[in-house]
Number of protein chains: 2
Amino acid sequence: MSSLMQIGELSERAKVSHRTIHYYERLGLVKPAEREGVGYRYYDEVSVKRLEKIAALKRLGLSLDEIAAVIDLYFEEASGIKGKEKVLEILQAQLAKADAQLSELTEFKRDVETNIARMQALIAEAKQG
Amino acid sequence: MSSLMQIGELSERAKVSHRTIHYYERLGLVKPAEREGVGYRYYDEVSVKRLEKIAALKRLGLSLDEIAAVIDLYFEEASGIKGKEKVLEILQAQLAKADAQLSELTEFKRDVETNIARMQALIAEAKQG
DNA sequence: CCTAAACCTACACCCAACGTCAGGTTCAGG
DNA sequence: CCTGAACCTGACGTTGGGTGTAGGTTTAGG
């Protein structure tokens with residue numbers, strides 16, 4: 001009696017439209033915990049987390065295909081022994097990408113801060129020049 | 001005699017197709033330093049930097065429209081007095097966005113590192129279990 | 001002066017990631 | 001049993017960020 005929810009509630013809780021959920025399902029990103037006969041989709045709590053994780057990965061700039069390739073790592077026990085080293089490779093690539101993005105982002109932030117200071121100075125100057 | 005270059009060279013140096021350069025020009029992201037009559041486009045060194053900056057901002061997840069809104073800050077003197085406060089607003093929004101992205105990215109990195117450790121443990125275990 | 005390489009414009013087309021719409025089904029409450 | 005809300009599928013539309021191509025022009029070098 002794990003209290004499943006329908007797509008409407010999932011949609012609200014994960015802040016994702018139901019059409020998007022359908023779309024993600026076709027791409028293999030999410031699937032209902034249960035689907036009796038040919039009827040409604042029923043989801044569990046994990047689906048909420050899964051959609052939130054997908055959103056987070058998207059914000060990092062991953063495409064849906066790239067996300068599909070790694071999302072299971074977050075929600076399933078490690079796949080068969082043979083694939084573990086490949087999974088490790090993927091993770092290390094993502095780490096490298098994250099590092100690169102971090103330094104680029106840090107630099108960007110510095111630039112923005114510089115520009116903000118410059119703007120504020122110019123505004124102050126204009127206001128009492 | 002500042003030795004201008006044509007679009008082909010710019011394209012090669014900035015690693016951006018000439019079609020994309022045309023496209024960016026329509027969006028107001030770049031423009032040739034010179035264009036005699038109705039003929040070829042001629043670019044200077046600044047254009048190379050500009051395209052590289054655009055690429056960097058794209059990697060941070062900015063749309064071309066957002067980039068258009070700020071790119072001039074990097075290459076021109078501050079625009080007219082009236083717009084300065086709006087520019088400041090844009091910059092502050094970008095700073096907030098960058099901060100959010102930074103913390104998300106940091107969290108993501110931690111997750112990936114955890115998963116890497118987990119994978120490595122599993123692999124080691126499998127190799128001598 | 002001629003030609004090939006590089007350029008020009010304009011329009012059509014592509015892909016990812018959705019959203020919209022139409023027409024039909026299911027389900028819960030009164 | 002009936003109705004309205006929630007759901008279903010499938011086809012088509014849209015937006016962002018480009019790419020492809022046709023048909024014409026410019027220019028540098030021999």
Side-chain angles (χ1 to χ4, degrees), chain A residues 1 3-44 47-48 50-71 97, chain B residues 1-44 47-48 50-71 90 94 97 101:
Chain A
M1 58 152 313
S3 101
L4 299 173
M5 73 192 88
Q6 291 181 196
I7 200 168
E9 189 181 340
L10 177 61
S11 167
E12 259 182 63
R13 291 187 50 194
K15 314 270 181 210
V16 170
S17 83
H18 67 282
R19 297 301 284 121
T20 298
I21 296 174
H22 285 162
Y23 178 57
Y24 285 0
E25 185 176 333
R26 287 208 311 131
L27 299 186
L29 287 169
V30 273
K31 51 177 179 295
E34 213 183 292
R35 201 155 182 205
E36 44 168 273
V38 64
Y40 289 12
R41 294 165 173 85
Y42 294 96
Y43 301 91
D44 54 19
S47 295
V48 181
R50 223 176 143 101
L51 285 174
E52 285 168 356
K53 199 61 166 180
I54 290 168
L57 292 172
K58 277 190 51 181
R59 260 170 269 136
L60 298 174
L62 303 212
S63 73
L64 295 182
D65 275 12
E66 289 171 322
I67 293 172
V70 297
I71 186 74
K97 194 173 168 186
Chain B
M1 62 149 315
S2 37
S3 103
L4 299 173
M5 72 192 89
Q6 292 181 194
I7 200 168
E9 189 179 341
L10 176 62
S11 167
E12 259 183 63
R13 291 188 49 194
K15 314 271 181 210
V16 170
S17 83
H18 69 282
R19 301 293 290 106
T20 298
I21 296 173
H22 284 162
Y23 178 56
Y24 285 179
E25 185 176 334
R26 286 208 311 132
L27 299 186
L29 287 169
V30 274
K31 53 178 179 296
E34 214 182 292
R35 204 157 178 202
E36 45 170 272
V38 64
Y40 290 12
R41 294 163 173 87
Y42 294 95
Y43 300 91
D44 54 19
S47 297
V48 180
R50 223 176 143 100
L51 286 173
E52 285 168 355
K53 198 61 168 181
I54 291 168
L57 292 173
K58 278 190 50 180
R59 259 171 271 136
L60 298 175
L62 302 213
S63 71
L64 296 182
D65 275 12
E66 289 172 322
I67 293 172
V70 297
I71 185 75
I90 294 175
Q94 298 219 332
K97 194 173 167 186
Q101 222 175 327

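Chain naming here is simple, since letters A, B, ... match the order of the sequence lines and numbering starts at 1 in each.
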Legend entry - Chi angles and distances behind the side-chain contact (heavy atoms from CB on, under 4.5 Å) call for B:Val48, B:Tyr43: CA-CA 8 Å; B:Val48 180; B:Tyr43 300 91; over 6 Å; no
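- Rounded to an integer number of Å, the gap from CG of A:Leu29 to P of C:dA16 is 13 Å.
- Looking at A:His18, A:Lys31, A:His22 one by one, the single match for side chain to side chain contact (heavy atoms under 4.5 Å, CB included) with A:Arg41 turns out to be A:His22.
- The side chain of A:Lys58 places no N or O atom within less than 4.0 Å of a non-bridging phosphate oxygen (OP1 or OP2) of C:dA16.
- In this structure, B:Ile67 places its CD1 atom 13 Å from C1' of D:dG18, rounding to the nearest Å.
- Computed from coordinates, the B:Glu9 CD to C:dA6 P distance equals 12 Å when rounded to whole Å.
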Inset, instruction - Would you sort out whether A:Lys97 and A:Leu60 count as a side-chain contact (heavy atoms from CB on, under 4.5 Å), showing the intermediate values? - result: CA-CA 10 Å; A:Lys97 194 173 168 186; A:Leu60 298 174; over 6 Å; no
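- The shortest distance between side-chain heavy atoms of A:Met5 and A:Ser47 does not fall below 4.5 Å.
- Taking 4.5 Å as the limit, some side-chain heavy atom of A:Tyr42 sits within range of a side-chain heavy atom of A:Gln6.
- Comparing B:Tyr42 and B:Leu64, the nucleotide of DNA chain D nearest to each residue sits closer to the 5' end for B:Leu64.
- Contact check of residues 16-27 of chain A against DNA chain C (heavy atom, cut-off under 4.0 Å) returns A:Ser17, A:Arg19, A:Thr20, A:Tyr23, A:Tyr24.
- Of the residues listed (A:Thr20, A:Leu29, A:Ile21), the one engaging A:Leu51 in a side chain to side chain contact (heavy atoms under 4.5 Å, CB included) is A:Ile21, and it is the only one.
- If you take CE of A:Met5 and P of D:dC7, they are 12 Å apart, rounded to a whole angstrom.
- Distances shorter than 4.0 Å separate some side-chain N or O of B:Arg41 from OP1 or OP2 on C:dC8.
- Atom CD of A:Glu12 is separated from atom C1' of D:dA6 by 12 Å (rounded to the nearest Å).
- Protein atom CZ of A:Arg35 is 15 Å distant from nucleotide atom P of C:dT25, rounded to whole Å.
- Using a 4.0 Å cut-off, some side-chain N or O of B:Gln6 falls inside it from OP1 or OP2 of C:dC7.
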Legend entry - A:Leu64 and A:Tyr24: CA distance, side-chain angles, deciding distance, side-chain contact (heavy atoms from CB on, under 4.5 Å) verdict: CA-CA 8 Å; A:Leu64 295 182; A:Tyr24 285 0; 3.7 Å; yes
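- Between the C1' atom of C:dA5 and the OH atom of B:Tyr40 lies a distance of 8 Å, rounded to the nearest Å.
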